[in-house]
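One structure is given below, encoded as structure tokens.
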Amino acid sequence: MADVITYREAVAEGLAREMRRDPSVVCLGEDIGAAEGVFKTTVGLFKEFGPERVWDTPISEQAIVGAAMGAAMTGLRPVAEIMFSDFLACCWDYLANEIPKVRYMTGGQVTVPLVVRTANGGGLGFGAQHSQAVENWALAVPGLKIAAPSTPADVVGLLAAAVRSDDPVLFFEHKGLFASRGPAAPPDHLVPLGEATVARPGTDLTVVALASTVPVALAAAEALARDGIFAEVVDLRCLIPLDIRTVLESVGRTSRLLIVEENPYQGGWGGTVASLVADEGFELLDAPIRRVAAACVPLPFADPLEQRVMPTVDKVTAAVRGLAAY
Amino acid sequence: MADVITYREAVAEGLAREMRRDPSVVCLGEDIGAAEGVFKTTVGLFKEFGPERVWDTPISEQAIVGAAMGAAMTGLRPVAEIMFSDFLACCWDYLANEIPKVRYMTGGQVTVPLVVRTANGGGLGFGAQHSQAVENWALAVPGLKIAAPSTPADVVGLLAAAVRSDDPVLFFEHKGLFASRGPAAPPDHLVPLGEATVARPGTDLTVVALASTVPVALAAAEALARDGIFAEVVDLRCLIPLDIRTVLESVGRTSRLLIVEENPYQGGWGGTVASLVADEGFELLDAPIRRVAAACVPLPFADPLEQRVMPTVDKVTAAVRGLAAY
Amino acid sequence: MSAELLDLYERMAVIRGTEKAAHDLFMAGLVKGTTHLAAGHEAVAVGASAALRPDDYVFATYRGHHHAIARGATPEECLAELMSRDTGVCRGKGGSMHLTKASASMLGSYAIVGAHLPMAAGAAWSAKLRGTGQVAVAFFGDGATNIGAFHEALNLAAVWRLPAVFVCENNLYMEYTPIGTVTAVPNPAADRAPAYGLPAEVIDGNDVLVVRDAVARAAQRARGGGGPTVIEARTYRHYGHSRTDPARYRPEGEVAEWLARDPLLVARKAVGDGAAVDAADRRAQATVRRAVEAARAAPPADPAQALTDVWADGGAAWRT
Amino acid sequence: MSAELLDLYERMAVIRGTEKAAHDLFMAGLVKGTTHLAAGHEAVAVGASAALRPDDYVFATYRGHHHAIARGATPEECLAELMSRDTGVCRGKGGSMHLTKASASMLGSYAIVGAHLPMAAGAAWSAKLRGTGQVAVAFFGDGATNIGAFHEALNLAAVWRLPAVFVCENNLYMEYTPIGTVTAVPNPAADRAPAYGLPAEVIDGNDVLVVRDAVARAAQRARGGGGPTVIEARTYRHYGHSRTDPARYRPEGEVAEWLARDPLLVARKAVGDGAAVDAADRRAQATVRRAVEAARAAPPADPAQALTDVWADGGAAWRT
Ligand SMILES: Cc1ncc(C[n+]2csc(CCOP(=O)(O)OP(=O)(O)O)c2C)c(N)n1
Ligand SMILES: Cc1ncc(C[n+]2csc(CCOP(=O)(O)OP(=O)(O)O)c2C)c(N)n1
Ligand SMILES: [Mg+2]
Ligand SMILES: [Mg+2]
């Protein structure tokens, strides 16, 4: 394997590793088999594992995720693909009401070890119905684990943890990162669910980011470092379990917190992080908690409009400066 | 009309008022017509307005809300009922991707003046799939207005505003409040969307609540007043538009904030309120922001378990004491 | 007299008695929330179970007491669940709408109409991939045939030729609204089967042997690789939709006609031996009586249970 | 020679030319995001429009350029939209997948498969209640027939006898997967119509007159209170699914066969008068050329527009 791979390749690599390891892992989704995926994230799987392990489905999101659930309850470890995360809305009952609840409401009688993978997020001019960052829908649902990697190695490592997890995991692959590159994952690479990482250490303020906003935050931190402002960037990697300890430790060092989200402010995961810090970290804070989030509008198609709406390096840089000067 | 009515009666009254006023208002939903609604919230409508204005539907949540959308785009003002708010998951595409986005993505060419009413919340032993407070799913979606009244008069007043709104409104009626009573709404009563109200003035701390948690907060405030702790209770009434000004003004007076939500902490609307205050009201605060929310579990069936999970007067009282003593 | 039929009769009588007890306990304030009694539908559950292997998967609805018991949940653990006891089949976390007995391959009762049909397709897919010869059966109401999940599940199961059986319990009503007023075809399930290239049968759902035989045929076809079958069992509920419903919307004549075709009466007649049936009734009553007593005596649900079982590690932690 | 047919030809040629321009502009880096060209499907849009009243409602998909233009959106405003211009039909906020021309009763292009079928039912319901005699038409792909919304919409429209027409553009493929491999019946739309008690026709979707006549019959039935009709128009897309798709999964012979049945060729032959058609082609080319020039010259989309039009008051405020 190459030393450097794309995020897109990492998805296929992560899936292949798990399918080799465990014959009960099966994949299903639209165009994932013979066609190797609309985003080319399942390249090679159909060839290596055949139609008994890689299933092309009709356009039936409820049947895809519902069948994955039934299969997960009966001895398989399905990995279902929902092509764009916006389409989770078409099978939301399964993600909100069925999969995350059945273990609890049966008093622990059944277990649902499945992964739902989906291409999340905007920035590519795909318009309002193919660009959303919808991890917050899932955040409000008890019983789902939520992973959203920002690097190829984390894709592989978190995918391994997700597939091996006996709990259902919603796995957000970011469309805007598919073409990005990074070091390949070492053999048997595993990143436990619920462990954030300090993507860049710093002293002046903490920037909490996720998936697409990690490179944005890192670019801003890089630019600011030239001006002597040193931001620490925390990549959450998962929303559930939420590694708030790492955030609080960082804020303990920096006394200032900025959260960078791709989703709109209202209802965003940053609110959960902010309120935990405003409670448990209140005494650590020397400044208001700020959030750079998307505007509260559907995502527009045209480039200049989309840029106006989404978080950008400039917006993060400005927010960091404001907070550092507070 | 009686001086005091139930919350349940207020729903039917509010609908009837609007249907009398505007012939383009039509209702659709499961068992709402001849049967007058599973929660008896459409009593009298079928008799007064007939089958041309009150439509019984099949069990087809997507068709109900999707048809309401098509009708709203073409000259009607539909009021669709989704029986339990949990079932919004079955038509989530319409609430998340279609209804709130079509105005924006067509550059303002179309308008979708509709209301989706639904029975929300727990506390009645209906189990994991019939008890959720799901307003947070909607909060994360730009383009939906969200109302959640706590009193019969507010039901009537907010319903009037919702039906007259040219924007789509998700209207949460709380199952646990249906049997509660309060003063009837005066004629032509209208409560504008996005105006919170101070349900009980106080000086020591601000308690922000919504729908079912308003009476919980009021009961706690009442009990605490006997001990000389005076909590101000703010009833948000709407999540979008969010009247954060009223919250900030109250915190300006009290310096302390407690938020009481029926939903779990993670992903809850309290996070949005908390982070706004932790930013814009940072200097007003003399204590951490606290939230009393449900445990992060699906709602259990059995009474003692459900009580353990949900916010209660005792939990709020304890939290207020803790915060007041901070 | 057929010993098997007598046994099926007794099973139905136990279910009937258990639900009667649930109703009485509700009235006595010992059952909270809601219940959806299946009284009148017993032949569907018992007949189907008689045709299935113990390891065949069953998925049911909120109206699922009969399926849980027919598949092996005990009346005691079901009543204990309804009464919020720690010995409840779901430890008090499920309630009437979610009875589940996974150890008997009864994989759950689901309260979102139609949601379990794709799950059954998935269980059938899993059985096929694992080569176990198991069949997955979904029981659902007439009202469920108009929801999208029905369509998606039947198409997927048909295309993948899955060992699934889709059994509609057509009791003529959704909650309060007659199914005929909101459905474009007379037989809501069977008339849709051709849209998926599937065979269908409309059967008498109140005759336990008819149900047994139809399900046996479908299960055999499924196990043989012939794919799914749609069975529409015509039946009737004796009570209202749920405990709050007096069911006044049903014409008296219709109710009387169906009560005369009570599955227990049908089976009693078919057995032929009145004394044997009376003895079965007495045994059933005793079974139910013991169950009620045991459930009443059981400890209440443990509030600490509220914070367990979200995750497979047994806990509910969502943050560090 | 029929003047009407020549006119229909020219309309198709304008659509073809506009999409060709869109393709070229994409290659030149002037169109961002994605496009789903309908080249090959023109007869469906133009034939249907010829059969409809100007105030009949149309709902289309992300593959909707042909419907937008057939219903009255100008090539210029469509290309301007694709090119992120302020003069775009949706002011740059929609893009290729969401072309909408509400003033021409073209109520939108929707990018979630199947989502617009219930909307069309709702528009038909509204027309019926308001007594306007309008019809609502939903155009959708073969792949859309397997999603739940299809089922719910057709049942509701049938039960309520709504003035709706459901037109499936069966181009044999979803994105890259042949529809036949994931659908349990050979005609994915028409074979489902009986499940809703609806009449259906499978027609040649590449013959503009055939489409016009079928839609005219269906619209007449709808206006007369006869309820919805399902039309399955067999057609083919000339390009891949979207701009990134070279469509190698399609057998060469199949492609050649369908290109020979290009709707423009079919219409050209039917017109009979080669010179007249050539003249129409030249007019169409001129129309497209002017549109491209105008769109290129138009000002870019205005970033300030990003924060308008969420609410009916024109704004986007969500808090005080
Ligand atoms: C998606 C969804 N919509 C509505 C409901 C509310 N509801 C519960 S049972 C029921 C009627 C179901 O009728 P049917 O399928 O015929 O089953 P039956 O109750 O007659 O056994 C309805 C509408 C629900 N649980 N789920
Ligand atoms: C609910 C949903 N699932 C998946 C997709 C992704 N997708 C877009 S187009 C398409 C294929 C649709 O095929 P068909 O309905 O035949 O229409 P065609 O593109 O051939 O015109 C798919 C799977 C989507 N947009 N919406
Ligand atoms: Mg029924
Ligand atoms: Mg197609």
Side-chain angles (χ1 to χ4, degrees), chain B residues 28-40 46 51 55-64 66 82-84 86-91 93 122-132 175 264-267 293-310, chain C residues 31-34 62 81-86 88 90-98 109-115 141-150 174-179 181-184 188 241-242 244-245 248-249 300-310 316-319:
Chain B
L28 75 166
E30 295 160 15
D31 302 293
I32 67 163
E36 306 199 309
V38 167
F39 295 108
K40 300 294 165 220
F46 188 77
W55 291 68
D56 277 322
T57 67
I59 306 175
S60 303
E61 276 74 9
Q62 296 190 71
I64 293 169
I82 295 297
M83 198 186 284
F84 285 75
D86 314 70
F87 313 160
L88 289 173
C90 298
C91 50
D93 179 44
L124 301 173
F126 283 173
Q129 297 187 324
H130 280 67
S131 301
Q132 294 166 89
K175 284 193 288 292
Y265 187 102
Q266 28 60 257
C296 185
V297 302
L299 269 252
F301 158 70
D303 239 36
L305 278 63
E306 205 178 15
Q307 289 307 303
R308 169 65 66 96
V309 170
M310 290 182 53
Chain C
V31 171
K32 290 275 160 58
T34 183
Y62 53 88
E81 182 68 22
L82 272 59
M83 293 166 73
S84 299
R85 305 293 156 149
D86 196 41
C90 302
R91 300 206 70 177
K93 286 153 112 159
S96 163
M97 296 206 278
H98 301 301
S109 305
Y110 297 85
I112 311 278
V113 165
D142 43 283
T145 64
N146 291 326
I147 200 157
F150 169 89
M174 307 191 299
E175 297 214 4
Y176 315 140
T177 303
I179 186 68
T181 62
V182 295
T183 313
H241 168 71
S242 65
T244 48
D245 170 25
R248 298 234 178 72
Y249 44 84
D302 174 5
Q305 276 294 318
L307 302 181
T308 66
D309 288 334
V310 175
W318 62 275
R319 49 160 293 196

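Excluded from the calculations below are hydrogen atoms, water molecules and symmetry mates; all remaining heavy atoms, backbone and side chain alike, are included. Treat the numbers as computed from the prediction; the structure is a model and nothing was measured. Note on naming: letters A, B, ... go to the chains in the order of the sequence lines (proteins, then strands), and numbering restarts at 1 for each one.
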> Taking all atoms of both residues into account, what is the closest heavy-atom pair of Ala35(B) and Tyr176(C), and its distance?
Replying inline: CB-CD1, 3.4 Å

> So which of Cys90(C), Gly143(C), Ala149(C), Ser84(C) has the largest heavy-atom pair count under 4.5 angstrom toward chain B?
Replying inline: Ser84(C)

>> Below 4.5 Å, heavy-atom pairs only: which of Ala144(C), Gly114(C), Ala115(C), Ala301(C) has the largest tally toward chain B?
In response: Ala301(C)

> Side chain, backbone, both or neither: which part of Asp245(C) has an atom under 4.5 Å from a heavy atom of chain B?
Replying inline: neither

> In terms of heavy-atom proximity below 4.5 Å to chain C, should Ala295(B) be classed as side chain, backbone, both, or neither?
Replying inline: side chain

>> Please report the interatomic distance CG(Asn146(C)) to CD1(Ile59(B)), rounded to the nearest 0.5 Å.
In response: 7.5 Å

> Which bit of Ser60(B) is near chain C, if near means a heavy-atom gap under 4.5 Å: side chain, backbone, both or neither?
Replying inline: both

> Checking side chain to side chain contact (heavy atoms under 4.5 Å, CB included) for the pair Ile112(C)/Phe84(B): CA distance, chi angles, key distance, verdict?
Replying inline: CA-CA 10 Å; Ile112(C) 311 278; Phe84(B) 285 75; over 6 Å; no

> Can you name the residues that form a side-chain contact (heavy atoms from CB on, under 4.5 Å) with Leu124(B), not counting sequence neighbours?
Replying inline: Phe126(B), Lys175(B)

Would you list the atom pairs, donor with acceptor, under 3.5 Å between side chains in residues 296-308 of chain B and any protein atom, with sequence neighbours excluded?
{"residue": "Glu306(B)", "atom": "OE1", "partner": "Gly125(B)", "partner atom": "N", "Å": "3.1"}
{"residue": "Glu306(B)", "atom": "OE2", "partner": "Gly123(B)", "partner atom": "N", "Å": "2.8"}

>> I'd like to know which of Ser242(C), Gly88(C), Gly94(C) tops the heavy-atom pair count under 4.5 Å against chain B.
In response: Gly94(C)

> So which of Arg248(C), His98(C), Gln305(C) has the biggest tally of heavy-atom pairs under 4.5 Å with chain B?
Replying inline: His98(C)

> Which answer fits Thr177(C), side chain, backbone, both or neither, if we ask what part of it has an atom under 4.5 Å from a heavy atom of chain B?
Replying inline: both

> Once you round to the nearest 0.5 Å, how far does CD of Glu175(C) lie from CG of Asp56(B)?
Replying inline: 11.5 Å

> Quick one: of Ile147(C), Asp309(C), Thr308(C), who has the most non-hydrogen atom pairs under 4.5 Å with chain B?
Replying inline: Ile147(C)

> Heavy-atom distance under 4.5 Å to chain B: side chain of Tyr249(C), backbone, both or neither?
Replying inline: neither

> Which of the residues Gln266(B), Glu30(B), Met83(B) is involved in the greatest number of heavy-atom pairs with chain C at under 4.5 angstrom?
Replying inline: Gln266(B)

> Looking at NE2 of His130(B) and OH of Tyr62(C), how far apart are the two atoms once the value is rounded to the nearest 0.5 Å?
Replying inline: 8.5 Å

> What part of Ile179(C) lies closer than 4.5 angstrom to a heavy atom of chain B: side chain, backbone, both or neither?
Replying inline: neither

